[in-house]
Amino acid sequence: MGRLLTRNNLLQRAHEVHGDKYDYTNTVYINNRHKIDVCCPIHGVFTQLANIHLQGKGCPKCAKEQNYKPIYGVGINDYRGIIRHKGVFIKSYAVWASMLSRCYDKNYLRKEPAYIGCGVCEEWKYYSNFKKWFDDNYIDRYVLDKDVLKPGNKVYSPENCAFIPVEINRAYERRKRNIIKKCPTGVVCNGKTFKAYITINSQKYDIGTFQTAQEAFDKYKFYKEEYIKSLAEKYKGKISKEVYRAMYRYKVT
Ligand SMILES: [Zn+2]
């Protein structure tokens, strides 16, 4: 069909639909089924069918940005590159999304209440910022950690985080059972006796049986701190100097 409009008609109708947003200085107009060049003040020139433009469609790049849905209500994927390869997210994106999920996904927090109260710093709520840090710091097969450099830390940020081997990550894991029970960490209360134990790679080792919870805890504390130091030695040169030093400072509290 192609209803005829004069150039002035086009500009007037475009103005009614899009306001002052676009620049039509270089727009050549023939009819409304003809493709026109429109200039977006942010992204530059794009080409669109005149009638589609007059129906309200605008710059495709602007539309894409408006469609960025925050992930878990907070994360913004502002990166323009490809994040999926053959249907699988690239590593940095997968790590970023999983960090957001640990802090802000209600279903995850129901399963892992230890993460309640954790958050991601403002900078890392934007994927492009996280990706830069990731590309500079990632070590193959290591995991993102927020506890080794700063014990008890609850905020994922460039200052607080490091990539560490899974074995070290496990050694820093808090046992859920002891958070609930009133026994000190590393101690099992059996009526009158107190058993100290240490968990290494998911395997429980007996340290001994003691008369008081304090004695049992002190022994556990000693072994745990020694274990962390031995791990620091095991991975020396394969972990950052900051992580190595932090492991030597590690104290059970
Ligand atoms: Zn635009």
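Order of listing sets the numbers, starting from 1, for every ligand and every atom in it.
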Quiz item: What's the verdict on side-chain contact (heavy atoms from CB on, under 4.5 Å) for Val243 and Asp145, showing C-alpha distance, side-chain angles and the deciding distance?
Solution: CA-CA 10 Å; Val243 168; Asp145 171 87; over 6 Å; no
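Proximity of Lys154 to Tyr115: side-chain heavy atoms (C-beta onward) are nowhere separated by under 4.5 Å.
Within the protein, the number of N/O/S atoms found under 2.8 Å from the Zn ion (ligand 1) is 4.
Note on ring orientation: taking the six-membered ring where Trp is involved, the planes of Tyr172 and Tyr250 are perpendicular (angle over 60°, cut-offs 30° and 60°).
Within a 6.0 Å radius of CD1 in Ile42, more than 12 heavy atoms belonging to other residues, nucleotides or ligands are found.
Lys146 pairs by the salt bridge (charged side-chain N to carboxylate O under 4.0 Å, His left out) definition with nothing, not counting sequence neighbours.
A distance of 6.0 Å or more separates the ring centres of His53 and Tyr29.
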